[in-house]
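One structure below.
When a ligand or atom number is given, it counts from 1 through the structure's own listing order. Positions are given from 1, in the same order as the sequence printed here.
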Amino acid sequence: MSLVDSFGRVHRDLRISLTDRCSLRCTYCMPAEGIAWIPKPSLLNPEEIERIVRVSADEGVTTVRLTGGEPLISPNLIEVVGRISAIEGPEGPLEVAMTTNGIRLPEFIPGLEEAGLARLNISIDTLDPLRFQQLTRRDRLIDVLAGIEAARRSSLKPLKLNAVVMRGVNEDEVVDLVEFAIEHDAQMRFIEHMPLDLGHTWDRAEMVPREEILASLKRRFVLKPLTARGGAPAELFSIDGGPETVGVIASVTAPFCGGCDRLRLTADGQVRNCLFAREELDLLAALRGGASDEAIRDILRAAVANKRSGHGIDSPDFVQPDRGMNAIGG
Ligand code: SAM
């Protein structure tokens, strides 16, 4: 097991973007007209993904999260889940999770369960149909709600719901979102808005910070911090004595890079060691050039070896990555 970086961080979590395409156009993620999509021949195929995951598992990866873009619009989703959930690492079978916007999830759930998916995170930034339409540029709230309801009834547990909190957009909904999550046996998690949009519209002064999210929640709930966060991005709090919990992912104002155990693979086979990395290592070219498992392993190790101590958003020389969140995989 060798995915240990120069700061001693052991990498166990591989996030794989299956596609950069999405059924929504969230204003904080993608321009209205979309982007120049990754050409289809450059997308990793299921065998290639399986091979990279197998080598990663031998190197100590224990969890794989499928994301995008929107993983539910990848034609290979069920096949990929089946192939990678069958992989055994030194510590046992891999755990396969997925982050999705939930659209068309009801029709996919039986296949995902059968293929071996373990759990789901569903993104929902607002419960208001008009706001949803303005924020995502699509009138699909009803479909997202159906997806969440189907997930609630499924075996894919624990269910987590994610919202990016934005000033003047949904900051007044944090309490409603927590109550909605509790009604759906889910954990609500609030994400600080990060500088990852392709439109480069992010403005720190406009961002709703962790402190403000917590202050809004504390006006309605008694929150108690839970310990033992490990490498997880979310800081967890019990609600009114529990057992319900809420999470805050404060990547900007309280970065958790010191415990980061994540490595990312883009849909076109580039390895990234951070959401904010400006360098990628090309596994697609290596695979299609006939690379051995050892060569794949060496590329993964090199990506980890080059990882910086932190994402550097606060550094004066911070430059946003060229790719947006849709292509990096959130
Ligand atoms: N389409 C799927 C979904 O909606 O969850 C998966 C991909 S999406 C890029 C993953 C997560 O990244 C979503 O929860 C989304 O809200 C979040 N995200 C996208 N852009 C972001 C940004 N600039 N700052 C913080 N979170 C962001």
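- Side chain of Gln270 to main chain of Leu283: no donor-acceptor pair is present (N/O by atom type, distance under 3.5 Å, no hydrogens or angles).
- Of the possible donor and acceptor atoms, none in the side chain of Gln320 sits under 3.5 Å from a partner among the backbone N and O of His200.
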Once you restrict both partners to nitrogen or oxygen, which atoms of ligand 1 have a protein partner under 3.5 Å, and how far apart are they?
residue  : atom   : partner : partner atom : Å
ligand 1 : 1 (N)  : Gly69   : O            : 2.8
ligand 1 : 1 (N)  : Glu70   : OE1          : 2.9
ligand 1 : 4 (O)  : Ser123  : OG           : 3.4
ligand 1 : 5 (O)  : Thr100  : O            : 3.4
ligand 1 : 5 (O)  : Ser123  : OG           : 2.5
ligand 1 : 14 (O) : Ser123  : OG           : 2.8
ligand 1 : 16 (O) : Tyr28   : OH           : 2.9
ligand 1 : 23 (N) : Met194  : O            : 2.9
ligand 1 : 24 (N) : Met194  : N            : 2.9

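- The backbone N or O of Asp203 lies less than 3.5 Å from no partner atom in the side chain of Glu206, so there is not a single donor-acceptor pair.
- Without hydrogens or angle criteria, Asp268 side chain to Leu43 main chain gives no donor-acceptor distance under 3.5 Å.
- Remark: side-chain polar atoms of Glu173 are paired, donor with acceptor, to backbone N or O of Leu127 under 3.5 angstrom.
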**Report entry** Stepwise side chain to side chain contact (heavy atoms under 4.5 Å, CB included) check, Glu212 with Glu171
**Finding:** CA-CA 9 Å; Glu212 222 177 297; Glu171 76 208 291; 4.1 Å; yes

